[in-house]
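Positions are given from 1 along the sequence.
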Amino acid sequence: MSDIQGFEEKDYSREFNAGIWKKIIKMARPVYPFMAGTGVLMVMLAAMDAAFPQLLRYAVDVLVPAVMAGGSPGVGTRIVAFVAASIGLATVQGICIFSFIFTAGVIEVRLVHLLRQKAFDQLQELSFSYYDKTPAGWIMSRMTSDAQKLGDTIAWGIVDLVWGTAIMAAVIVCMFVMNWRLALVALAFMPVLLVMTWLFQSRILDAQRKARKAGSLLSGMYNEGLQGARTSKTLVLEEHNRREFEASSGRLKGYAMRAAKLSSLFMPLVILLAAVGAAMALGKGGSMVIVGSLSFGTLIAFVNYSMMLFDPAREVARVLSEFQAAQASAERLVGLIETKPEIVDNPDAVEDGDIRGDVELSHVDFGYAKGDLVFQDFSLKIPAGQTLAIVGETGSGKSSLVNLMCRFYEPSAGEILIDGKDYRTRTRYWLHSKLGYVLQAPLLFSGTVKENIRYGRLTATDSEIEEAARQANAYGFISRLEHGFDTVVGEGGALLSTGQRQLISLARALVANPRIMILDEATSSVDTETEVLIQGAIERLLEGRTSIVIAHRLSTIRNADRIIVMENGSVLEDGNHERLMEAKGRYWRLYTRQFLDEEALALAASDESPR
C-alpha cells in the first residue's frame, strides 16, 4: 500500500477562501429558487421568534395589572386577543418550520446530485495520466463524503445563518427601542464573542483539513485492501497491512480528536458569555425596575432577548465553523472539477468520417516524466489491414507504444498519423470510435452479459449482439448460463471465469466493428480448450483490420503479417516469423526459450499425472 501513502495531495490555503465558495454557489444555480424561498422563511421565523418576548412583555405590563386590579372594561377581550395572537404566531411558526425543513432537504439532495454529476462528468474527460497518479480511494472520497458534506453544510448552513443573522438583528433593534442603555449592557460581550470566534476558527479549519486529507488516504487503503485481498493472503501480508492501516487510521484519529476538542471548548465558552450577558442585563435592569425607570415586563423581555441573542450568535459561529471545516471538502471537489485534462481536442479538430487504417509514428519523443524519455526519435509505419505483433521484455515500451497510438497519451515531439493526417487534427471521440481495445485482463461492468457486449456499440440490436457472440465463440457458454444473455456477471465479471470474460470482451470488440484493433495477449491464464476458442475469435476479429497485438506467448503470433522486437524504446528486429527465426537473433532466442519452457512444463505435468 506504499503507493497510496506516497500520494501527495495538494495543500490549499489555510485562510477562509471566499473564492472557493463563490464557485460552489455558482454551481448551485439550479437550486437558487429553493435557497431564496428558504431565506424568506427563515426571516419570517426570526421575526416571529422576536415577537414572542413582546407578547410576554404586554401580558406582564398590561394584562396582569388589569386582572390584579379586579378587571377593567375590555380586559376579557384583550386576553382573548392575546391568546389568539399567541396561537396564530405558533401556528404560522409551525408552518414555517415544516416548509424550511422541506426546502432545505431539497437543496441538500439536489446540490449533492449536481456536484457528483459535475465531478463524474469531469472524470470522463480526464486523461489516463490523471488516473495513473491519483489513488481510486481519493477520487471516491471526493465523489461521496466531500459532496455529501458540502450539500449538508450549504443547505442547513443557509437555514441557520439566515435565521441567526435575522433574529440577532431583530433582537438588537427591539432592545435598543425598549432601552438603549440596558441594550449596551446586554451587548457588552458581543465583541469578545466575535474575537473568540475568529481565534478558534483558524485552528478548527486546520485540524479539519488535515483530518479530511488523512481520511482520503485511508479510503485509498480501504480500496486497495479490498482489491488486493487475495494477493495479500497469498503473500501473507495481513500483519504488514494491519500495521500500515493502524498508522494511517491513527493519524486520522489524532487530527479528528484535535478538531473535536477545539469545537467542544468553543461552544461552552459561547454559552458562558450568554449567561454572563443575561446576568448583567438582569442586574442592571433589576435596579432600574426598583427606581421605577423600567417596567417589570420590559425587564423580562430584555432577559429573554439576552438569552435569545447569544443562541443565534452561537449558531452563526457554529455555521461559520462548519463552513470552514467544509472548505477542505470544497477545495478538493472544486480541484477535481477544475482539473484540466492533459489531452484535449484542438479547437479546429474535426470528425473526419471513416478511415482506411494506415498508422504512422513519425520521429516521436515521449516520456511519462520530464527528462525520462521512453521513445526518442521513434518512427514506425503500419499499412492498413496489416497485423503487427509487438514482442519485447517487460519495460521495452510495448504498452507505451499502444498508449500513444490510442491517444491515451500524446507525444512530446513528432507526429502520429492516421491515414496520413496527424491524429490531433481529429477529435478524441472520432479516434476512439474507430479503435477496438481488448485487454489482457478484461474488465466487465456490473450488469448483464448483453449489456456488456452492447457497450461496444450502444445502438447494437439484440440480433447483432448474438451474432457478435457467435463470431467470438461465446454463444455456446452464454446459452448455457441460467439466464442466457440476461445473466448478471457481477462486479468486474466476478461471476464468470477468466476465459468467459475474455470471450465476452472479444464479442464487445466485434460488435463495435473497429477499423483499428489493439489486442493485448488474450490467451494467457486460460485452459487449452478456451484458448482454442479465443484464438479462433481473435482470427475473425483481426481479419481485414489494422491490428496491433502485444504478444506474451509467441506461439500465438506465428501467423502475424509482421513482428517487431522492441528493446529500450527502439525496434531491434522487424520481420515475419520465418524471417526472424532464420536470423537467429533476439526473437529466435525468446521464441526458443519460451518453447523449451512450455515443453518442460508439459513434460512435468505428464510425469505427475496418474498412470
Side-chain angles (χ1 to χ4, degrees), residues 118 120-132 339-366 375 378-388 390 399-439 442-443 445 451-461 464-465 468 471 505-520 541-550:
K118 281 184 175 292
F120 187 81
D121 290 345
Q122 183 64 14
L123 287 171
Q124 307 311 298
E125 297 297 320
L126 293 176
S127 310
F128 265 49
S129 56
Y130 178 82
Y131 296 98
D132 289 340
T339 298
K340 301 297 182 184
E342 293 186 7
I343 298 176
V344 295
D345 290 329
N346 293 329
D348 56 351
V350 297
E351 296 185 12
D352 202 18
D354 207 353
I355 63 173
R356 296 188 308 277
D358 290 311
V359 179
E360 180 181 357
L361 288 83
S362 177
H363 305 289
V364 165
D365 288 356
F366 171 73
F375 299 114
F378 181 89
S379 295
L380 178 69
K381 289 185 179 181
I382 309 171
Q386 184 180 81
T387 296
L388 171 72
I390 307 174
S399 297
S400 298
L401 181 59
V402 166
N403 285 339
L404 285 172
M405 290 181 183
C406 294
R407 206 182 172 191
F408 298 150
Y409 293 85
E410 287 183 347
S412 54
E415 294 179 314
I416 297 179
L417 310 173
I418 306 292
D419 292 345
K421 295 182 180 179
D422 190 327
Y423 68 1
R424 286 170 288 202
T425 63
R426 278 86 167 250
T427 64
R428 289 172 296 157
Y429 174 81
W430 173 87
L431 176 63
H432 294 158
S433 67
K434 310 301 178 185
L435 285 173
Y437 198 163
V438 178
L439 300 170
L443 173 66
F445 299 95
E451 289 168 344
N452 271 278
I453 296 176
R454 184 171 275 133
Y455 278 128
R457 180 163 52 88
L458 296 177
T459 58
T461 64
E464 288 175 325
I465 289 171
Q471 292 292 316
S505 70
L506 290 169
R508 183 167 60 197
L510 279 163
V511 83
N513 193 26
R515 291 300 308 145
I516 300 175
M517 190 67 221
I518 310 291
L519 183 68
D520 201 344
L541 179 62
L542 301 185
E543 186 177 354
R545 296 181 172 91
T546 304
S547 305
I548 296 96
V549 180
I550 298 178

Legend entry - Asp121/Glu125 under side chain to side chain contact (heavy atoms under 4.5 Å, CB included): CA gap, chis, key distance, verdict: CA-CA 7 Å; Asp121 290 345; Glu125 297 297 320; over 6 Å; no

Measure the [atom1]-[atom2] distance between [X] and [Y] for me, rounded to the nearest 0.5 Å.
X	Y	atom1	atom2	result
Ile518	Arg545	CD1	CZ	12.5 Å
Leu443	Tyr455	CG	OH	10.0 Å
Leu519	Leu506	CG	CG	7.0 Å
Leu542	Thr387	CG	OG1	5.0 Å
Ile418	Ile355	CD1	CD1	6.0 Å
Leu435	Met517	CG	CE	9.0 Å

Quick one, [X] and [Y] - any side-chain contact, counting heavy atoms below 4.5 Å?
X	Y	result
Asn452	Arg508	yes
Leu431	Arg426	no
Asn403	Phe366	no
Glu360	Ser379	no
Leu380	Met405	yes
Tyr130	Leu123	yes
Leu401	Phe375	yes
Glu351	Tyr429	yes

Legend entry - Residues Asn513, Arg457; criterion side chain to side chain contact (heavy atoms under 4.5 Å, CB included); working and verdict: CA-CA 9 Å; Asn513 193 26; Arg457 180 163 52 88; 5.7 Å; no

Inset, instruction - Over 60° means perpendicular and under 30° means parallel, so classify the ring planes of His432 and Phe408, tilted if in between. - result: tilted

Nearest heavy-atom pair of [X] and [Y]: which atoms, and what distance?
X	Y	result
Thr546	Gly385	OG1-N, 3.0 Å
Ile516	Val359	CD1-CG2, 3.8 Å
Ala509	Pro514	O-CD, 3.2 Å
Gly456	Val511	CA-CG1, 3.9 Å
Ala507	Ala468	O-CB, 3.6 Å

Looking at [Y], is its backbone amide N or carbonyl O close enough to the side chain of [X] to form a donor-acceptor pair, meaning the two atoms are under 3.5 Å apart?
X	Y	answer
His363	Glu415	no
Asp520	Val438	no
Asp419	Arg356	yes
Asn346	Arg424	yes
Gln124	Phe120	yes

Legend entry - Under the side chain to side chain contact (heavy atoms under 4.5 Å, CB included) test, residues paired with Ile343 that sit two or more places apart: Ser127, Arg407, Glu410, Arg428

Legend entry - Test side-chain contact (heavy atoms from CB on, under 4.5 Å) applied to Pro411 and Asp365, Ile416, Leu361, the passing residue: Ile416

